[in-house]
Protein chains: 2
Amino acid sequence: MAQESPTFSPLYRQIKTLILQALEAGEWRPGQAIPSEQELAARFSVSQGTVRKAIDEMAAENLLIRKQGKGTFVASHNDPRALFRFLRLVPMDGDLSHPQSVPLDCWRAKAGQEASRMLGIELGAPIIIVRRLLRFAQKPVVVDEIYLPGDVFPGLSFEALQDWNGSLYSLFETRFGLRMIRAQERIRAVAADRSTSEALKVPEGTPLLSVERVTYTYGDKPVEWRRGLYSTAEHFYLNELN
Amino acid sequence: MAQESPTFSPLYRQIKTLILQALEAGEWRPGQAIPSEQELAARFSVSQGTVRKAIDEMAAENLLIRKQGKGTFVASHNDPRALFRFLRLVPMDGDLSHPQSVPLDCWRAKAGQEASRMLGIELGAPIIIVRRLLRFAQKPVVVDEIYLPGDVFPGLSFEALQDWNGSLYSLFETRFGLRMIRAQERIRAVAADRSTSEALKVPEGTPLLSVERVTYTYGDKPVEWRRGLYSTAEHFYLNELN
DNA sequence: AAGTGGTCTAGACCACGTC
DNA sequence: ACGTGGTCTAGACCACTTT
């Protein structure tokens with residue numbers, strides 16, 4: 001039998017798309033509550049159960065956060081719980097202190113082969129490169145080199161980075177309205193080169209984790225490419241396999 | 001106000017526990033279909049929707065697999081799609097060939113400090129240690145050293161490992177009725193020692209990924225502890241952050 | 001045609017947080 | 001007391017697979 005509707009999409013997915021579009025358009029800001037399920041059901045002329053299923057999926061994707069008795073909220077990187085969603089590094093001695101981000105450098109350049117491919121932008125398009133150090137309990141543990149599309153981050157400067165107390169993604173969200181949704185990391189083992197060994201205060205040649213990350217915002221659009229070098233003398237990368 | 005029921009558990013979670021127990025007791029084997037939602041609803045005297053919600057959660061946890069029109073099936077490591085659920089290593093050139101497992105050694109020992117802590121067994125309890133090589137397209141990429149509680153794997157031998165064509169977890173499931181449910185990996189960067197460098201055919205001192213994994217079966221019981229050394233010259237560890 | 005999981009609805013009631 | 005999300009039910013209908 002021929003399929004009647006090869007592009008069949010259940011109602012709750014269509015509702016999900018509509019909510020997603022409202023989210024993307026900035027109708028509700030990160031951290032704020034979205035309308036109640038009843039209100040959304042009325043707005044879209046469907047039952048509450050259908051709205052519920054749409055929100056369920058979005059909550060599972062960390063786009064929304066449900067709080068019984070209070071409402072449903074737009075997920076935000078300002079929420080401290082969101083920090084370790086993307087940073088999987090854990091101290092071996094179980095110390096739970098928050099890491100400190102120290103900007104080292106920030107300059108503008110043109111996208112080369114690799115950056116243009118990873119960020120999905122044209123060769124030679126303006127980009128911003130940030131180097132920064134991550135410290136746990138004052139000890140340097142990670143050196144990051146971060147590549148950003150220039151047109152998405154207008155006015156990003158070294159001073160702006162220094163002035164910000166919080167995570168980078170928190171800054172991106174607050175200053176540029178850009179929400180990081182998901183990321184993909186490619187991990188390899190490499191030997192520390194000269195400049196890295198100095199920054200991390202380890203001997204040259206020390207094995208380090210090389211963590212390359214591409215981060216996506218709404219619509220699976222890549223907006224960050226970074227390479228981090230992790231010292232694993234006193235920390236490890238923790239991954240849960242389900 | 002004092003909470004009326006501090007141990008409140010919704011009905012669908014109780015149903016989930018009952019299905020879990022049936023699964024654990026081996027009432028339905030891996031790969032087989034479980035009863036239909038209607039049958040389970042009748043068996044537990046609840047509505048189909050409640051059973052559905054219980055199964056939904058278990059499907060999200062990769063314990064069950066739903067197939068529209070056919071039924072709901074017990075997840076199995078014999079399913080080839082399950083292989084890369086725990087093995088996150090990907091060739092850099094996108095070659096999708098399946099890895100080949102080559103057993104190197106298998107012997108019995110008594111649990112030391114670390115093994116007893118990781119496996120949750122007594123110091124000196126019998127364990128089995130397996131060393132094996134993983135090859136992608138004939139090239140050696142991973143050396144694993146695997147620690148197993150002896151009483152859970154009676155009769156496991158080097159010959160049994162050699163005779164098996166398939167993944168280790170597939171063997172464990174088929175031969176010992178042990179289903180691996182979830183795992184936790186701790187990743188660090190280390191330098192290749194003498195014996196590892198020979199097995200992986202890389203120079204001594206080459207940076208390698210050290211991947212320590214604890215694997216759990218039903219009831220969060222640890223039943224495997226392994227340490228893998230990954231050569232990342234032509235492969236990388238891929239991790240999706242959602 | 002029959003059986004399975006998947007969707008959608010409408011209504012009742014519960015648990016939680018706030019006023 | 002009220003509004004929110006969370007649970008549970010019962011029934012109708014849809015999509016997919018097999019007989």
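- Atom C1' of nucleotide D:dT4 and atom CG of A:Leu64 are separated by 15 Å, given to the nearest angstrom.
- Note that CD of A:Glu173 and CG of A:Asn78 are 5.0 Å apart. Values are rounded to the nearest 0.5 Å.
- Between B:Asp56 and A:Val51, the one whose closest nucleotide on DNA chain C sits nearer the 5' end is B:Asp56.
- Between A:Gly69 and B:Pro35, the residue anchored closer to the 5' end of DNA chain C is B:Pro35, taking for each the nucleotide with the nearest heavy atom.
- Summarising the geometry, the separation between CD1 on A:Ile15 and P on C:dG6 is reported as 20 Å, rounded to the nearest angstrom.
- Between A:Ser47 and the phosphate of C:dA10, there is no side-chain N or O to OP1/OP2 separation shorter than 4.0 Å.
- The ring of A:Phe136 has its center closer than 6.0 angstrom to the ring center of A:His235.
- Looking at A:Phe236 and A:Arg88, their side chains never come closer than 4.5 Å, going by heavy atoms from C-beta outward.
- OP1 or OP2 of D:dT7 sits under 4.0 Å from a side-chain N or O of B:Lys53.
- Between A:Lys70 and D:dG3 there is no side-chain N or O to OP1 or OP2 distance below 4.0 Å.
- Remark: B:Asp163 engages no residue in a side chain to side chain contact (heavy atoms under 4.5 Å, CB included) (not counting sequence neighbours).
- In terms of phosphate contacts, B:Arg52 brings no side-chain nitrogen or oxygen within less than 4.0 Å of OP1 or OP2 of C:dG5.
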Assess the residue pair A:Leu64 and A:Phe73 against the criterion (side-chain contact (heavy atoms from CB on, under 4.5 Å)); give the C-alpha distance rounded to whole Å, side-chain angles, the decisive distance to 0.1 Å, and a yes or no.
CA-CA 6 Å; A:Leu64 297 175; A:Phe73 299 78; over 6 Å; no
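- The side chain of A:Tyr12 has C:dT7 as its nearest neighbour among C:dT7, C:dG5, C:dT4.
- Contact annotation: A:Ser36 does not reach the phosphate of D:dG3 (side-chain N/O to OP1 or OP2, under 4.0 Å).
- Following rounding to the nearest Å, A:Phe8 (CZ) and D:dC14 (C1') show an atom-to-atom distance of 7 Å.
- Here D:dG6 presents its P atom at 13 Å from CD of A:Gln38, a figure rounded to the nearest Å.
- Rounded to an integer number of Å, the gap from A:Gln48 CD to D:dC8 P is 15 Å.
- The interatomic distance linking A:Glu37 (CD) with C:dC8 (P) rounds to 15 Å, in whole Å.
- Using a 4.0 Å cut-off, no side-chain N or O of A:Thr50 falls inside it from OP1 or OP2 of C:dT7.
- In this structure, B:Leu40 places its CG atom 8 Å from P of C:dG5, rounding to the nearest Å.
- B:Gln68 has its CD atom 14 Å from the P atom of D:dC14, to the nearest Å.
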